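These figures come from a predicted structure and were not determined experimentally. The figures here come from the full heavy-atom set of this structure, side chains too, leaving out hydrogens, waters and symmetry mates. Proteins come first, then strands; the chains are lettered A, B, ... in the order of their sequence lines, and each starts at number 1.
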Amino acid sequence: MGIVSRERGDEPVAAGTDSVFDRSLVTIAVYVRGTVAGEVDVRTVSTSYGESDLAEVPVRLATDDEPAGDATPTRSDGGTAAVADGRETTVTLWNKWTESAELLEPGMELVVTNAKEEEYQGETQYKTTGESYVVVEPSFLVSVTSIRNWVECPRLYYLNKLSGVPLNYPVVKGTLVHEVFGDLLRGRDLEESIDARVEERGLQLGLLGETPDAVKEEIRENAKAIEGWLEQGRLTEEDSWRSEQLLISETFGIRGRADAVRRGAPVELKTGKNLKKEPRFKDKVQAACYALLLEEHGGDVDIGTLLYTKNSALDRNEETGDLTPAKEFTMGDGLLKYVVRLRNEIAAKETSGEIPTGYEADAKCEYCFEQDTCMVVSGRLDQESKAGQIGQALPAEEREYFDRFYRAIEEERREVHREYAKLWEQTAEERADDDRALIDLEFVAKRPLEGGRWELRARRTGGANSKLREGDLVLASDGDPVRGDSELARIERLDDEVVITADEPVAVTRLDVYPSELTTDRLLVAMHDALLKGDERRKDVLFGRAEPEFEEIDEAFIDNNERQNEAVRKAVGAEDCALIHGPPGTGKTYTIARAIRAMVERGERVLLSAFTNRAVDNALEALLEQLEDVIDEDSVASETQRSGDGEAVDVVRVGSESGVSDEMEPYRLERAGEPADRVAELEDAQVVAATTATCGSRIMKEQAFDAALVDEAAQLTEPGTCAAINLAERFVLVGDHEQLPPVVRAENDLTESLFERLVERYPDAGVMLDRQYRMNQRIQVFASTEFYDGQLRPATPEVAGRTLDDLEGVSRDALPETLSDPVSFVDVEGDRSQYTDSEEAERIADLIERYEAAGLERSDIGVIAPFRAQVSEISSTVPDDVTVDTVDRFQGSSQEVIIVSFTATGSLEGPIFEDYRRINVALTRPKRALVLVGDSSALASDPVYERMLEWARQ
DNA sequence: GTTTAAGACTAAAAC
């Protein structure tokens with residue numbers, strides 16, 4: 001049996017209940033899950049055991065059809081049954097669980113395991129027993145690291161989140177020693193492992209100024225301790241090992257990765273020294289977390305091992321004869337419950353949004369390495385802190401901004417946690433329908449790789465889509481990612497056959513998206529840096545206290561497009577910032593490239609960034625073309641642009657191998673290698689291109705630039721934009737706020753981009769590109785008048801007059817008269833279903849046939865619909881080589897012919913139609929022909945759509 | 001009543 005049967009609890013049993021040893025209690029122990037329904041009453045009562053604390057919590061029980069109620073406990077405690085009937089009842093938490101009760105607020109979720117059911121005044125109520133655990137907000141999956149930080153000091157946990165962990169040698173070395181430890185457990189040769197692991201971290205070590213030999217020597221020292229200990233184990237018994245196992249507990253709401261699991265018990269490796277007899281308390285807490293996690297995975301352990309690898313044989317404890325460096329200790333019930341209470345504190349704080357002060361726990365500021373940081377943050381943001389405050393508080397508007405965005409980012413974080421919870425709340429089929437899992441794979445083969453890892457192959461049995469892509473980290477499982485056999489794995493190949501690599505040879509039949517807090521972490525750090533480390537002048541501009549200034553530039557950069565030329569002048573001459581507004585097809589990317597070239601020619605170091613890898617690569621490609629021009633014009637310049645082997649050396653693309661396109665791969669900065677070389681490559685680069693997420697990485701945070709150019713800035717949140725512009729003296733944002741805004745999970749302040757805010761605040765700092773190179777004149781009219789004040793116009797007569805006739809083998813005369821105009825409307829009454837319309841779908845299939853008959857290639861036709869359901873409906877009725885997608889996914893691309901399915905009959909209600917930016921995107925994708933398909937009476941019910949109708953019917 | 005991307009050094013590393 002599991003934890004529930006662990007000897008006796010450390011707490012007195014609730015007064016008036018049967019003894020925990022009474023078998024009858026075990027048989028009626030229940031698993032209670034529900035939502036706090038009112039104020040919690042905490043008080044002290046006299047019992048036969050003396051004074052006891054209790055908390056009465058009004059709880060609305062979960063129901064079977066709620067996801068939460070569905071979570072039948074999986075722990076091996078036979079007598080437990082879940083109660084899930086939606087009743088409102090009282091749950092009494094006794095003794096130390098009252099500490100968790102004090103954290104509860106109405107609306108929070110609560111789980112009590114091994115509760116006792118009892119009748120009170122005709123009502124069935126529940127209370128904790130000596131074997132209960134109480135879990136607050138169980139779907140908030142707290143990481144073991146968070147709990148470890150929190151027990152040291154809650155404020156340390158907060159500061160780590162806020163300002164990130166800086167690049168420092170002890171941390172990097174610690175990571176290396178752990179990697180080598182894992183390798184040893186998997187049977188890899190020590191020297192080979194050390195060489196490989198140090199090589200992999202070349203760039204980081206280089207930034208720290210370390211040499212490979214010195215690092216290797218240090219790792220060898222730690223490895224000696226590990227090897228010695230492993231030898232001891234091998235002499236005495238057959239060990240069963242598992243290294244670096246990722247564990248998730250749905251009952252306790254904890255996740256973590258154990259360094260190693262030996263005969264079912266957690267082993268934690270520490271790089272430091274500890275000559276005391278006992279392990280450090282925070283290390284014990286960490287091991288106890290893994291014990292809880294292992295418990296849920298069928299283990300039953302109460303022993304933890306801590307391996308202090310800096311301890312050597314010389315440090316052998318004379319007094320105790322302790323075998324160093326390993327320290328074994330026993331985990332009692334009390335420690336495990338304490339850990340769950342710690343975890344509850346984190347979950348509750350995160351839910352309520354409160355900022356930790358340090359008083360929550362017994363923090364000792366005088367020994368803390370983060371004391372100064374803590375005091376500065378407290379002082380600048382005027383936060384209460386046990387360490388005290390230093391310095392002047394930021395102006396009120398900046399603190400208000402901080403609070404607003406902190407809340408918004410944390411809200412996003414909670415959404416990420418909700419994604420974790422779906423791993424067990426949703427069925428495999430639901431996950432697959434959400435595109436978040438590939439299920440029903442057929443396991444094919446496993447193959448051991450060099451270094452002890454495994455290559456696993458599985459065959460796809462269906463053609464289902466998923467968000468998973470090559471290079472992604474995923475949860476690979478035997479069908480159940482939480483309770484079953486699962487490992488964190490990397491997707492190497494993804495076609496009919498799936499190839500992944502993992503530490504253990506799981507018989508994989510399912511892959512799940514593994515949610516990550518990385519993006520939210522980086523947003524928080526970017527906002528922190530912008531406010532607390534940001535230059536005053538920069539903040540004056542961001543907060544509307546000073547107008548951006550410009551140096552007058554007379555130079556002509558682009559001679560056939562006045563606005564583009566002006567945009568480059570503004571970008572080059574900006575003292576603070578410049579804003580380039582580029583409607584569809586207006587040559588934003590070219591303009592950026594030209595501006596960067598001009599900056600580079602002035603000897604400046606430039607950062608090129610955007611939200612997506614694709615956008616970064618596009619802009620970089622345009623820049624490389626520009627630089628080619630330089631070489632063509634001036635052979636002397638070419639010497640400096642090119643290295644001996646003909647490759648540009650002053651341009652570097654920072655990003656992962658899977659993120660960067662094959663075309664840009666030659667410019668990608670490799671992380672592995674000789675430290676000094678890698679650092680030189682990065683630091684000598686005059687142009688560095690990276691996504692905004694990468695700009696927030698520890699590596700990029702060390703870099704400084706004269707200017708940052710951010711493309712597609714209207715799709716970035718403010719903190720996302722800050723990640724890039726924090727690194728530069730001046731910045732240029734390029735985008736179009738009349739197209740779709742940033743994608744965020746929760747409705748909050750993140751939905752407006754910094755680009756949009758600044759364009760509105762400082763119209764004079766912006767330039768709107770007004771000539772488009774994409775659409776026939778008739779097509780662009782509506783978007784131009786509706787979204788761009790009529791300023792958008794064709795760049796050339798050729799663009800204005802382009803029609804299908806220009807395409808080889810296509811004749812407009814072969815089209816029915818209704819389609820002869822570049823813009824046409826097809827009135828379809830449609831069916832009444834909400835997210836699909838089969839009549840529109842049929843009509844569209846028919847239209848495609850007619851275009852084909854007129855000589856058009858299917859691949860030149862795109863179909864856009866608002867709903868995914870309609871997209872699949874249309875996909876099933878039209879040929880495969882016609883692109884069919886939602887508006888949102890069509891943004892950024894264009895087609896010769898676009899057909900739009902409005903999928904609305906009778907009325908236009910629904911949030912999807914309310915954002916007019918969506919129609920702007922849909923209507924500006926075609927070059928030569930646009931066909932709108934919909935119900936005219938529904939469209940006429942909204943003034944904007946009505947004007948669209950008039951325009952299409954002209 | 002909807003739609004939506006992509007990022008990536010996973011979590012843990014330690015003075």
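- Helical stems in DNA chain B, defined as runs of 3 or more consecutive Watson-Crick or G-U wobble pairs with donor-acceptor distances under 3.5 Å: none found.
- The only option from Lys161(A), Arg698(A), Arg413(A) that meets the salt bridge (Lys or Arg N to Asp or Glu O under 4.0 Å) definition with Asp521(A) turns out to be Arg413(A).
- Where Asp888(A) and Gly659(A) meet DNA chain B, the nucleotide closest to each residue was compared, and Asp888(A) sits on the side nearer the 5' end.
- Taking CD1 of Ile864(A) as the start and CD1 of Ile898(A) as the end, the distance is 4.0 Å to the nearest 0.5 Å.
- Within 3.5 Å, no donor on the side chain of Arg889(A) pairs with an acceptor on the base of dT4(B), nor the reverse.
- Residue Arg868(A) places no side-chain atom within donor-acceptor reach of the base of dT2(B), judged by atom type and a 3.5 Å distance cut-off alone.
- The six-membered or imidazole ring of Tyr420(A) lies near that of His417(A), with a centre-to-centre distance under 6.0 Å.
- Distance Glu419(A) CD to dT4(B) C1': 13 Å, rounded to the nearest Å.
- Contact check, Arg522(A) against dG7(B): no side-chain N or O comes under 4.0 Å of OP1 or OP2.
- For the 3.5 Å distance criterion, the side chains of Glu492(A) and Thr501(A) qualify, holding a donor opposite an acceptor.
- OP1 or OP2 of dA8(B) lies within a sub-4.0 Å distance of a side-chain N or O belonging to Thr691(A).
- The OG atom of Ser658(A) sits 7.0 Å away from atom CG of Asp472(A), with the distance rounded to the nearest 0.5 Å.
- For Glu657(A), the CD atom sits in a loose shell: 12 or fewer heavy atoms of surrounding residues, nucleotides or ligands are nearer than 6.0 Å.
- Across dA13(B), dT3(B), dT10(B), the shortest atom-to-atom separation from the side chain of Lys270(A) is found for dA13(B).
- Taking only side-chain nitrogens and oxygens, His178(A) never comes nearer than 4.0 Å to OP1 or OP2 of dA12(B).
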